[in-house]
Amino acid sequence: MSETYSVKMRASSDGHHVSGAEKIVPAASVSKVASRLVERALSHERGTPDFINVKIESLPSDILRLKALPVKTHVVATPAEGRALAAQLLAEAGIANADEIMARFSETHSLRGAMLLDADTLERLEPDQSRGVRATYMDDAAALAKGTAGVKNHYAEAIVLATKVQNAPNIIAEICVSDDPDYVTGYVATRELGYRRITVLKEKGDPNGGRIFLYRGSRDEVAKTIEFLEKTPILVDDVPTLPSAANAPRRFGALADALDARQAAGLSRRCRTLGGPTGPTAIVDGRELVVFASNDYLDLARDPRVVKAAADAANEFGAGSGGARLTTGTQPPHVRLENALAKFKGSEAALLYGTGYMANVGAISALVGKGDAVLSDELNHASIIDGCRLSGADVLVYRHGDMEDLDRKLGACREHRRRLAVSDGVFSMDGDILDLPRFLEVTRRHDAFSMVDEAHATGIVGRTGRGLAEYFGCELPDVLMGTLSKALGSEGGFVCGSKLLVEYLRNMSRPFIFSTAPGAPAMAAALTALEVLIAEPGRVAKLRENVALFVSELVCHGVAVRGETAIVPIVVGDEKRALAASAALEELGFLVPAIRYPTVARGAARLRVALMSAHTQEQLCAAAASLVEILKP
Ligand code: PMP
């Protein structure tokens, strides 16, 4: 790790505390963070300070890393209920006298630090009882990695502090009640129970609060405990993000619990902030990374011609379309794009939707309903699964890529009114390609509709990127779905098929009928991207070369991967291991997302590497080398 500093700010007015904060930041961020903390002090709602102290210290390079305590929220209705729960949790931690401990909050109010109590005798152990013990030199490791000190996040700060305290020698528990009269939430933390937030621990308006650290051990070691709390720098990994229901009404409690459970299982998700378009590199949360997470496979989303087409269309047709095409009317870019897509795919006609998700849901639910059967590959994309569910048809899931299983299951649906078999063309989390000729043979034999999702095939599969029919040299499925949001660098979805099919969908497909048409800028951008793709087939070839290079770099170092398409999954299994590998890659400058349940099955977590034609050889080789290093057992 490069040089690291502690930046602390403390502001007071007339000797009374106004605000305080501390951050651990890389050298490059010190001045930015310090000035942000000063700005915060100057605009604090508790009043304008007359004294601000900023302390900046260099830290040793080997900062201790701790794993955040797991968090669980308990939603309670009254302070009595909250205190009873706190007592029960302390009892579970082997502390019997919870009521007496909580009565000591009347004394903690005046302390800047925490009270250090002997858990059994309730004797105070701090050498300076007017000040208490202050846990300092700690931060969220993720904030440091980002090089930003973000906005003040009380929730994350409390977890960082509680994690440090529970790792201090001889500390067996902490109980904390906010000293803010308006904030009634507090927590009990122990190493075994983790961080148990309790939504109500005191009456609104009550200024009493503070922290009590409970100590059990020899008196000779108190100094060691205090030394750890006050002097040892630590960084905490995996600090959870704020559950949205922190202080919410009771009915939101189950939501907070569900979020906490996801967090504990390594399954919670958050959005990264991008500082511009996603090319092969992008600014992610303020830092430039090489991106292996974009479906903009041919680097067309930021192509000047594509961007200009969108801008020109916005000028000519406006930003939004104004309504559904059947009620408001259709703008020419939509019709031009439908014609171009049909020609590109070799179908009679095409129909646009707002997104690929809507295209799948809209087509499936229009084609089958109650009394029909839909047969779906077990690894199909969520939008197909949702379309199947919404249709009301009987859903039969067949084994991944297993045409014999499909055959058998279709055979068992002879009594159904209609049958539809649907499959990803390129499986979005596995990158493998459907055996389209066999799929067509089986479905036709059973007189079932065939539907293939070419979201990850369009622009990638086939010599010129036309998709599976070009790749296999076979016919098209009855329903060919695709998206504009991946290799076509825009957004929107489409279905290609016969004129009859498209006319049927135009009349029957609810997401087409009842949703506002996508805007002309996105349609014009996709049309131009399609024209570039047709004019420059070298992009498709370059993407294939990149895949071959990347895969061979991995395979020759013993990492077995498959490289049929632009999606190269590296299955690690355990969710937390996948997250850790993704975080380690990010440290090294690569954005490779960890894909976890429910996107893939539990225990089948993976790194999903998405390659682009614009990645350089150096980027591919460096990423492969880092992956090999990180995946070493
Ligand atoms: N199908 C597949 C296989 C996908 O991967 C996606 C996008 N993740 C979609 C459909 C949905 O497309 P869109 O993002 O345009 O809604």
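Counting convention: from 1, in listed order, for ligands and their atoms alike. All values derive from a computational prediction rather than experimental measurement.
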Short side-chain to backbone donor-acceptor contact, Asp303 and Asp299, under 3.5 Å: no
Parallel, tilted or perpendicular: rings of His456 and Tyr297 (30°, 60°): perpendicular
Gly493 near ligand 1 by a heavy-atom separation under 4.0 Å: no
Close-contact set for ligand 1 against Ala455 heavy atoms, below 4.0 Å: 1 (N), 2 (C), 3 (C), 4 (C)
Which segment of Asn295 sits under 4.0 Å of ligand 1 when only heavy atoms are counted: neither
Any side-chain heavy-atom pair of Tyr353 and Leu505 under 4.5 Å: yes
Those atoms of ligand 1 less than 4.0 Å from some heavy atom in Ser383: 1 (N), 10 (C)
Identity and distance of the protein heavy atom lying nearest atom 9 (C) of ligand 1: His381 CE1, 3.5 Å
Main-chain N/O of Val306 paired with Thr528 side-chain donor or acceptor, under 3.5 Å: no
Residue and atom name of the nearest protein heavy atom (relative to atom 13 (P) of ligand 1), distance in Å to one decimal: Gly356 N, 3.4 Å
Within-shell test, Glu491 vs ligand 1, heavy atom, strictly < 4.0 Å: no
Shortest non-hydrogen contact from Glu575 toward Ala605: CA-CB, 3.7 Å
Sub-6.0 Å ring centroid separation between His381 and Tyr357: no
Atom indices of ligand 1, in the order listed, that fall short of 4.0 Å to a heavy atom of Asn360: 1 (N), 10 (C)
For atom 7 (C) of ligand 1, closest protein heavy-atom neighbour: Lys486 NZ, 2.6 Å
Any donor-acceptor pair under 3.5 Å from Asp453 side chain to Gly425 backbone: no
Identity and distance of the protein heavy atom lying nearest atom 11 (C) of ligand 1: Tyr357 N, 3.4 Å
Sub-4.0 Å atoms of ligand 1 with respect to non-hydrogen atoms of Ser485: 13 (P), 14 (O), 15 (O)
Identified side-chain contact (heavy atoms from CB on, under 4.5 Å) counterpart of Arg287 within the set Ile283, Leu289, Val284: Leu289
Residue pairs passing the ring-ring contact (aromatic ring centres under 6.0 Å, His included) test where at least one lies in residues 504-528, sequence neighbours excluded: none
Shortest protein heavy-atom distance from atom 1 (N) of ligand 1, along with the residue and atom involved: Asp453 OD2, 2.6 Å
Side chain, backbone, both or neither: the part of Met358 lying under 4.0 Å from ligand 1 by heavy atom: neither
Sub-4.0 Å atoms of ligand 1 with respect to non-hydrogen atoms of His456: 3 (C), 4 (C), 5 (O)
